[in-house]
S.K.: 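Pasting in a structure now, in C-alpha cells, and then I'll have a few things to ask.
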Amino acid sequence: MASALSLFLLLLPFSTIAQTSTNVSLGSSLPALNNSSFWASPSGDFAFGFQQIGTKGFLLAIWFNKIPDKTIVWSANRDNLVQGGSKVELTTDGRLVLNDPQGQEIWKATLTNNGVTHAAMLDTGNFVLANRDSVTVWESFDVPTDTILPTQILDLGSTLVSRQSEVDYSSGRFQFRLQTDGNLVLCTTAFPTDSIYYAYWESETVDKGSQVVFNQSGYIYVRGRNGNLVHITSANSVSTENFYQRAILDYDGVFRQYVYPKTISSPQSWSTVWYIPSNICMRITASYGSGACGFNSYCRLGEDQRPVCECPPGYSYLDPNNKIKGCKQNFVSQSCEEGAQESALFDMREMPDTDWPLSDFEWYQSVSEDWCREACLSDCFCYVGIFRNGNCWKKKLPLSNGRIDPSVGGKALIKIRKDNSSSESPGH
Ligand SMILES: *[C@@H]1O[C@H](CO)[C@@H](O)[C@H](O)[C@H]1NC(C)=O
Ligand SMILES: *[C@@H]1O[C@H](CO)[C@@H](O)[C@H](O)[C@H]1NC(C)=O
Ligand SMILES: *[C@@H]1O[C@H](CO)[C@@H](O)[C@H](O)[C@H]1NC(C)=O
Ligand SMILES: *[C@@H]1O[C@H](CO)[C@@H](O)[C@H](O)[C@H]1NC(C)=O
Ligand SMILES: *[C@@H]1O[C@H](CO)[C@@H](O)[C@H](O)[C@H]1NC(C)=O
C-alpha cells in the first residue's frame, strides 16, 4: 500500500508534464516588447513572459492569462525591471536567462542539475525546466515571490516577500516565512535586510511543521513532520474547478486567499475568502520599524476589513500614490530657543481612540487632560500627547505603530502650528 502510493507520487510529475504541457525547446526566446510576448500553458490559464509595469520597464513574470487584469503570481526581476529590447532565453545548453538589451545578465534560473532539454508553462501556474526523462530540474514553485497557488508546496526555509504597493512589484518589508524550526510566521523585517523585527502572526508549530500546503481543494495548511495536518490556516474550501485561486502576502502585510470565477459572463474581480491576521492595525507593536503603516501615520481597519493608512492633522503622505510609506510634517517645528515662547503659536488637535505605542519619552500619572495638553504644548520636543485614564505620555517623532481603534480608548492630542503660512516664510 505504502509503496504503491510512493510509486504513484513518484510518477505524478512525469505524467503531469507529459500530458499537459506545450514544450518550449532549447534556443527559444521571448523579447520584452509588449504584453503579448509570452508562452502560455496548454489551457491558456497561465502565461510566462513579459508584462510592462507602467512606464518603468518590464517584469519577467507568470500571470493568470484568461482574466482581464492579468494578475501576476510570480516574477523573476521584481527589484530590477528591464527595458524594452531585453529578452529571456532558454539557451541551447539548457539555461534560462534574462538579458538586458546590452546582453548583460539580469537574472537566471539557478540550476543544481544540468541536462535541461525543454521548459514548460504548466496549467497549475508552475513554470518548469525539465530533462530528457521529463524530470523537473527547476520550477518557479520553488522560488515563490509573494504568491502561492493550488498544488504548490513550500518547504522549510521558504519565504514570501510582500511587494511595495499595489502597482510596485519590488520587495517590501513584510514576510511570510516557514522557518527551519517548523514555525510559520508573518513578520516585519529590517528592510532592506532580511532580519526579523517582529512576528505578528504564527502557526505555533515549532518542531512540528514541515511544509505549507495549498491543496487542490483550496485548503492552506501546515503539514507536520509525520504527514499530519498540524495547523489549518484556511479551511475555506472553494472549488478549484470553478474558481481560480491564489494566496498572497499582500503589500499591506495581510496574507489573503482570493478566488475568481472561471466562467466570466460579466466583469469580475478577485474576492477575499480568508485572511490573517484579523486586524493587522492592532497586531504590530514593535520597538523597531514603523508598524503596520509608515512612520507618522496611523492604521485604521476599513469597512472592508482592510487596513488604511492615514495622516494625522498637520501631516501629509510622503507619497500620495503609496499611502503605506508614511507621512511628513507640514509645519515648522516649535522652536527650542530659550525665550522663544512659541507655545501660543501651537494648537492641540484631538483624535479619540488613537495611539502610537512605544514612541514615548515622558510618562506622567494621575494628571488631567488639560495638564497633559499644556505639558506637551510647552515642550518643544513633544509632538503628540496621549491622554488615557489619568496617564499622560509625551511622544517624539517619528511616530510608530500608529492605530485608531475603539479598543484603544483615551485620546491623542496632536500638536500643530496654528498659522502654517510660516512654513513658507524665508525666516525659517
Ligand atoms: C501592458 O499591461 C499593463 C497592465 O495591464 C499596462 O499598464 C500596459 O500599458 C500594457 N502595455 C502595453 C504595451 O500594452
Ligand atoms: C506586440 O508587438 C508585435 C511586434 O511588433 C506586434 O505584432 C503585436 O501586434 C503587438 N501586440 C500588441 C498587443 O501591441
Ligand atoms: C517534451 O519534451 C520531452 C523531452 O524531450 C518529451 O519526452 C515530451 O514528449 C515532450 N512533450 C510534448 C508535449 O511535446
Ligand atoms: C485538502 O486538504 C483538506 C484538509 O486536509 C482535505 O480535507 C482535502 O481532502 C484535501 N484535498 C485534496 C485534493 O487533497
Ligand atoms: C496649511 O495651509 C494649507 C492651505 O491653507 C492647508 O491646505 C493645510 O491643510 C494647512 N496645514 C495644516 C498643518 O494645517
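Just so you know, ligand 1 is whichever comes first in the structure, and atom 1 is the first atom listed for that ligand. No experiment lies behind these values; they were computed from the predicted model shown.
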S.K.: Below 4.0 angstrom, N of the basic side chain to O of the carboxylate: do Lys411 and Glu369 qualify?
M.R.: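 Yes, charged N to carboxylate O under 4.0 Å.
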
S.K.: What does the 4.0 Å heavy-atom contact list look like for ligand 4?
M.R.: Asn215, Gln216, Ser217, Tyr219, Tyr221, Leu229

S.K.: Could I get the full list of side chain to side chain donor-acceptor pair (under 3.5 Å) partners for Gln211, not counting sequence neighbours?
M.R.: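 So Gln211 forms a side chain to side chain donor-acceptor pair (under 3.5 Å) with Asp155, Arg223.
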
S.K.: Restricting to side chain to side chain donor-acceptor pair (under 3.5 Å), what partner residues turn up for Thr91, sequence neighbours left out?
M.R.: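 Here the qualifying residues are Asp93.
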
S.K.: Do Lys394 and Asp360 sit within salt-bridge range, that is, some charged N less than 4.0 Å from a carboxylate O?
M.R.: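 So Lys394 does not pair with Asp360 through a salt bridge.
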
S.K.: How would you list, by chain and number, every residue that makes a side chain to side chain donor-acceptor pair (under 3.5 Å) with Asp355, sequence neighbours excluded?
M.R.: Arg388

S.K.: For the pair Arg177 and Glu202, find out whether any cationic side-chain nitrogen is under 4.0 Å from an anionic carboxylate oxygen.
M.R.: no

